[in-house]
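Every heavy atom of this structure was used, including side-chain atoms; hydrogens, water molecules and symmetry mates were not.
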Amino acid sequence: MNIADLRKSYEKAELSESASQTDPLQQFGKWLQEAISSEVPEPNAMTVATVGSDLRPSTRVVLIKGYDERGIVWYTNYASRKGQQLAGNPYAALQFHWVELERVVRIEGSVEKVSDVESDEYFHSRPLDSRIGAWASPQSDVISSRTVLVANAARYGAQFMLQPPRPPHWGGYRLKPEQWEFWQGRKSRLHDRLRYTQQADGGWLRERLAP
């Protein structure tokens, strides 16, 4: 099979101005709930793109943990590569790709850390092994083998038992959207793309883009 010959006809749905929400957050909530209801694999998975001081972009997949009018929230190690990049350049782009629904959502904006209260609340809602894992993994650092992680987990498990505190290097980020794009696959590659751009008064300008 020649990879260049792989093709798919997108014919599941459409995205029109009349049927879409005027507020992109409401449109996102609608699509996210439809992805969850459709039982697509990991509907909460999103790609986060950041740019480092060398101006080279990098991406990774994380899980959305909340969203409201303030923005999109996820949690991670602040000392990780993405954490270091966000410390130097607090802007990012997010992408959700719900393949089975032939939909993509792209979000761009500035990023800030969530409050300590929010990070504490979410951290303590996680399973115990995940809380220990936040201590055990020096995320993005080079390690000699998996044994390092296992040993760290055992050490911190013995130290904290059932009550590990939130590590000072671990917490949440919130992306405050400045631009959204909703993409719905259509037949003959005439896809639907609606872009929402935030205006000075806080409202949103909705425009159709050529696919």
Legend entry - Steps toward side-chain contact (heavy atoms from CB on, under 4.5 Å) verdict (Lys176, Val111): CA-CA 6 Å; Lys176 299 184 292 183; Val111 179; over 6 Å; no

Tell me whether the count of non-hydrogen atoms from other residues, nucleotides or ligands lying under 6.0 Å of [atom1] in [X] goes above 12.
X: Tyr91; atom1: OH; value: no
X: Arg146; atom1: CZ; value: no
X: Gln199; atom1: CD; value: yes
X: Glu121; atom1: CD; value: no
X: Gln163; atom1: CD; value: no

Nearest 0.5 angstrom please: [X] [atom1] to [Y] [atom2], how far?
X: Leu162; Y: Arg131; atom1: CG; atom2: CZ; value: 8.0 Å
X: Ser140; Y: Lys82; atom1: OG; atom2: NZ; value: 6.0 Å
X: Asn77; Y: Trp135; atom1: CG; atom2: CH2; value: 11.0 Å
X: Arg70; Y: Glu112; atom1: CZ; atom2: CD; value: 9.0 Å
X: Leu25; Y: Trp204; atom1: CG; atom2: CH2; value: 9.0 Å
X: Trp170; Y: Ser137; atom1: CH2; atom2: OG; value: 12.5 Å

When you compare the side chain of [Y] with that of [X], does any pair of heavy atoms fall below 4.5 Å?
X: Phe160; Y: Pro165; value: yes
X: Gln139; Y: Asp141; value: no
X: Ser38; Y: Glu100; value: no
X: Ser110; Y: Glu178; value: yes
X: Leu175; Y: Ile107; value: yes

Legend entry - Partners meeting salt bridge (charged side-chain N to carboxylate O under 4.0 Å, His left out) with Arg186 (sequence neighbours left out):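 With neighbours one apart ignored, the set is Glu14, Asp192.
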
Considering all heavy atoms, the nearest [X]-[Y] contact:
X: Ala153; Y: Ile132; value: O-CG2, 3.6 Å
X: Ala92; Y: Val48; value: CB-CG1, 4.5 Å
X: Ala49; Y: Thr59; value: CB-CG2, 3.9 Å
X: Pro177; Y: Gly71; value: CD-CA, 3.8 Å
X: Arg103; Y: Ala13; value: NH2-CB, 4.3 Å
X: Leu101; Y: Ala35; value: CD1-CA, 3.6 Å

When you compare the side chains of [X] and [Y], does any donor N or O come within less than 3.5 Å of an acceptor on the partner?
X: Lys12; Y: Gln184; result: no
X: Ser9; Y: Glu11; result: yes
X: Ser115; Y: Glu118; result: yes
X: Gln85; Y: Ser58; result: yes
X: Arg206; Y: Ser20; result: yes

Inset, instruction - Output, in order, the C-alpha distance, side-chain angles, deciding distance and verdict of side chain to side chain donor-acceptor pair (under 3.5 Å) for Arg60 and Thr50. - result: CA-CA 9 Å; Arg60 71 286 293 163; Thr50 55; 2.9 Å; yes

Legend entry - Member of Glu17, Glu207, Glu181 meeting the salt bridge (charged side-chain N to carboxylate O under 4.0 Å, His left out) criterion with Arg195: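 It is Glu207; the other options fail the test.
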
Legend entry - Members besides Met1 in its Ile/Leu/Val/Met/Phe/Trp/Tyr cluster (side-chain heavy atoms under 4.5 Å):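 Other cluster members: Ile3, Leu6.
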
Inset, instruction - Give the ring-plane orientation class for Phe182 versus Trp31, where under 30° counts as parallel, over 60° as perpendicular and anything between as tilted. - result: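 The rings of Phe182 and Trp31 stand perpendicular, inter-plane angle above 60°.
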
Inset, instruction - Quick one: sort the Trp98 and Phe96 rings into parallel, tilted or perpendicular, breaks at 30° and 60°. - result: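 Rings of Trp98 and Phe96: tilted, as their planes differ by 30° to 60°.
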
Quick one: do [X] and [Y] end up in the same hydrophobic cluster if we chain Ile, Leu, Val, Met, Phe, Trp and Tyr together by side-chain heavy atoms under 4.5 Å apart?
X: Val40; Y: Leu94; result: yes
X: Val99; Y: Val104; result: no
X: Val105; Y: Val62; result: yes
X: Trp74; Y: Leu32; result: yes
X: Phe28; Y: Leu63; result: no

Inset, instruction - Assess whether side-chain contact (heavy atoms from CB on, under 4.5 Å) is satisfied between Glu42 and Val61, documenting all intermediate values. - result: CA-CA 11 Å; Glu42 294 198 281; Val61 177; over 6 Å; no

Inset, instruction - Could you tell me whether a side-chain N or O of Ser37 sits under 3.5 Å from a main-chain N or O of Glu34, the two making a donor and an acceptor? - result: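 Checked: no pair found.
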
Inset, instruction - Keeping the roles fixed (side chain from Gln84, backbone from Ala79), state whether a donor-acceptor pair exists under 3.5 Å. - result: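 The answer is yes, because a donor-acceptor pair under 3.5 Å joins these two groups.
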
Inset, instruction - Go through Trp180 and Tyr196 one step at a time and tell me if the ring pair (Phe, Tyr, Trp, His ring centres under 6.0 Å) criterion holds. - result: CA-CA 5 Å; Trp180 299 72; Tyr196 296 73; 7.8 Å; no

Legend entry - Test: Lys113 cationic atom under 6.0 Å from Tyr78 six-membered ring centre, within 45° of axis: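 Yes; both conditions hold, so Lys113 lies above the ring face of Tyr78.
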
Inset, instruction - Kindly state each residue pair satisfying ring pair (Phe, Tyr, Trp, His ring centres under 6.0 Å) with at least one member in residues 5-27, sequence neighbours excluded. - result: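 Qualifying pairs, neighbours excluded: Tyr10-Trp183, Tyr10-His191.
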
Legend entry - Stepwise side-chain contact (heavy atoms from CB on, under 4.5 Å) test for Gln27 and Leu15: CA-CA 11 Å; Gln27 182 65 35; Leu15 179 63; 4.0 Å; yes

Legend entry - Phe123 and Tyr75 aromatic centres sub-6.0 Å: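 For Phe123 and Tyr75, the ring centres are not under 6.0 Å apart.
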
Inset, instruction - Output, in order, the C-alpha distance, side-chain angles, deciding distance and verdict of side-chain contact (heavy atoms from CB on, under 4.5 Å) for Val73 and Tyr173. - result: CA-CA 6 Å; Val73 174; Tyr173 286 107; over 6 Å; no

